[in-house]
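In what follows, chains are A, B, ... by sequence order, proteins preceding strands, each numbered from 1.
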Amino acid sequence: MEWDWAFVIEILPTMIEGVKITILATLLGSVLAAIIGLGLAILRRSKNAFVSKPVGFLADFIRGTPLLVQLYFIFYVLPDAGITLSPLVAGVIGLGLHYGTYTAEVYRGGIDNVARGQWEAARACNLSAFQTWTRIILPQALPPMIPALANYFIAMFKETPLLSAITVLELMNQARSIANYNYRYIEPITLVGAFFLVISLVSVIALRWLERRYGRIEER
Amino acid sequence: MGQWAGYLQLILEGALVTIKLTLMGSVLALIMAFIAGLGRISRFRAVRALATTYIEFFRGTSIFVQLFWAYFVLPLFGFSLTPLQAGVLALGLNVGAYGAEVVRGAIKSIGREQYEACIALNFNRWQSLRHIILPQAFVLMLPTFGNNAIELLKASAVVSLISLSDMTFQAQVVRAQTGSTLMPFLTILVLYFLMSSVISAAIRGLERYLTRGLDGVRS
């Protein structure tokens, strides 16, 4: 079977529709993962074992099981409990929850990197727990985490094709429907691959820049 | 309760396929990781370029796209693969690319003095790699290899989408037949978690075995 440029031009508008959804899902998923990760990291540090242990187990459980199955769980099981979500919302929650457990580790590393003296100084200044976190710890812990977080957001971007399994019409799903409709797989699937490759190569360069700008956690 | 036993058996049959896929994929990934990782630090520019291309290509596109490409596009070039072969190939090559960076990083992290000692002992490149560098580097690689194996196990769920009857596929079959959603999906989530726990326990055990007697020696 030959590569057909005319067919590529013909399917390009449909593919671009898919690209929009792919990027939207990645952005929303990243925001959610950033928030969930921070929550998990802080809860995991709790002194109360009844909080830290279950949260730790939950995070390990989510990290040890496939995203695809979690997406099915959110998409098929939750409606039985009365919670019906649109495919995109279910997909974004799945991505955010799954990668939230990874970003939690990044936060944990970043928070552990803040020197002990900072905690003690905050205590000596009689700051509340909330003030300590928002004024002292997080402003110092966050910048070095930025490259590591970005790394996981790129990884999430590459996992978005899984959303096609729960009928989200993102890039991969558009490509598959084009392929099934026209019985031509080579162009759509290759285009999807090329698109991800280009974005990943660009993001690797962006990541190097972030690392230069903010440093890496290990080096500090 | 009787019917669940039948459905559970269906899921366990899928679990066997998942385990088989993970094992075969891990073996391929390990081989690719060493070939490409050593290729990255080769003396020859062409070998380095080839290894870098392989790594960037497979890390840059997602496993899902690679699997579909292997299953649907490769036959058009005359390579017909069964779903299992396509799954092992895509998983092994994908995770192997991640593993290659681990191999390279571990070898690079071995101190200069070890290389100098090899020169002093008049070892050739292969001998120093085989007897001095790799035994030390391998221990450093193990924890990340364990994580990679867990990533491979998780990624193997994707093969259900090219109609390979792994655990996820069987759960979908049970869902279609019974209409029950909680039981099949919760069961396989727990089974996946058990499998990844086994992998991380095995890697920890292997690490302890390989570093026995080295307490305080390793930096």
Side-chain angles (χ1 to χ4, degrees), chain A residues 1-3 22 57 60-81 98 102 105 154-165 171-172 175-176 179-180 183-204, chain B residues 18 53 56-78 94 98 147 150-161 166-169 171-172 175-176 179-200:
Chain A
M1 195 179 264
E2 292 288 304
W3 179 270
T22 293
F57 178 77
D60 285 342
F61 188 86
I62 293 174
R63 205 147 16 105
T65 52
L67 175 60
L68 179 62
V69 182
Q70 290 161 10
L71 289 172
Y72 284 151
F73 195 89
I74 295 169
F75 191 61
Y76 291 117
V77 179
L78 288 190
D80 288 353
H98 192 80
Y102 285 90
E105 292 298 304
I154 296 169
M156 179 194 291
F157 170 72
K158 283 182 280 183
E159 294 261 24
T160 51
L162 286 180
L163 299 195
S164 65
L171 181 60
M172 188 69 182
R176 280 167 74 189
N180 289 332
Y183 289 106
R184 286 190 71 94
Y185 281 95
I186 180 162
E187 289 93 352
I189 306 283
T190 308
L191 277 182
V192 176
F195 168 76
F196 278 102
L197 190 60
V198 168
I199 298 275
S200 311
L201 291 178
V202 172
S203 49
V204 165
Chain B
T18 294
T53 310
E56 291 299 333
F57 180 79
F58 278 93
R59 296 201 326 164
T61 55
S62 72
I63 174 72
F64 193 2
V65 181
Q66 289 156 18
L67 188 68
F68 267 69
W69 212 83
Y71 191 59
F72 289 111
V73 179
L74 274 189
L76 307 177
F77 295 108
N94 181 280
Y98 286 90
N147 287 342
I150 292 175
E151 292 297 326
L152 195 147
L153 165 71
K154 286 159 59 183
S156 76
V158 176
V159 300
S160 62
L161 300 171
D166 79 324
M167 208 150 71
T168 308
F169 184 87
Q172 287 281 36
R175 179 181 73 87
S180 162
T181 52
L182 184 65
M183 175 268 180
F185 288 130
L186 195 62
T187 310
I188 65 167
L189 277 177
V190 170
L191 285 174
Y192 273 116
F193 183 64
L194 284 180
M195 289 181 197
S196 52
S197 305
V198 167
I199 293 175
S200 56

Assess the pair Phe193(B) and Phe57(A): is the distance between their ring centroids shorter than 6.0 Å?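 Judged by ring-centre distance (under 6.0 Å), Phe193(B) and Phe57(A) do meet the cut-off.
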Per-residue contact mode, [X] against chain B (heavy atom under 4.5 angstrom):
X	answer
Leu201(A)	side chain
Leu197(A)	both
Thr190(A)	both

For Ile63(B), is there any backbone N or O sitting under 3.5 Å from a side-chain donor or acceptor partner on Lys158(A)?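 Checked: no pair found.
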Tell me, for [X] versus chain A, whether the close heavy atoms (under 4.5 Å) come from the side chain, the backbone, both or neither.
X	value
Gln66(B)	neither
Ser160(B)	side chain
Leu186(B)	both
Ile188(B)	side chain

When rounded to the nearest 0.5 angstrom, what is the spacing between [atom1] in [X] and [atom2] in [Y]?
X	Y	atom1	atom2	answer
Phe73(A)	Leu182(B)	CZ	CG	5.5 Å
Phe195(A)	Ser200(A)	CZ	OG	9.0 Å
Ile186(A)	Leu76(B)	CD1	CG	5.5 Å
Arg175(B)	Tyr76(A)	CZ	OH	4.0 Å

Ring geometry between Phe72(B) and Phe68(B) (parallel below 30°, tilted from 30 to 60°, perpendicular above 60°):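 Ring orientation of Phe68(B) relative to Phe72(B): tilted.
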Top contributor to chain B interface from Ser164(A), Pro66(A), Ala175(A) [non-hydrogen pairs under 4.5 Å]: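 Most heavy-atom pairs within the cutoff with chain B belong to Pro66(A).
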Based on non-hydrogen pairs under 4.5 Å, which of Thr168(B), Val73(B), Leu189(B) is most in contact with chain A?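 Ranked by heavy-atom pairs under 4.5 Å with chain A, first place is Leu189(B).
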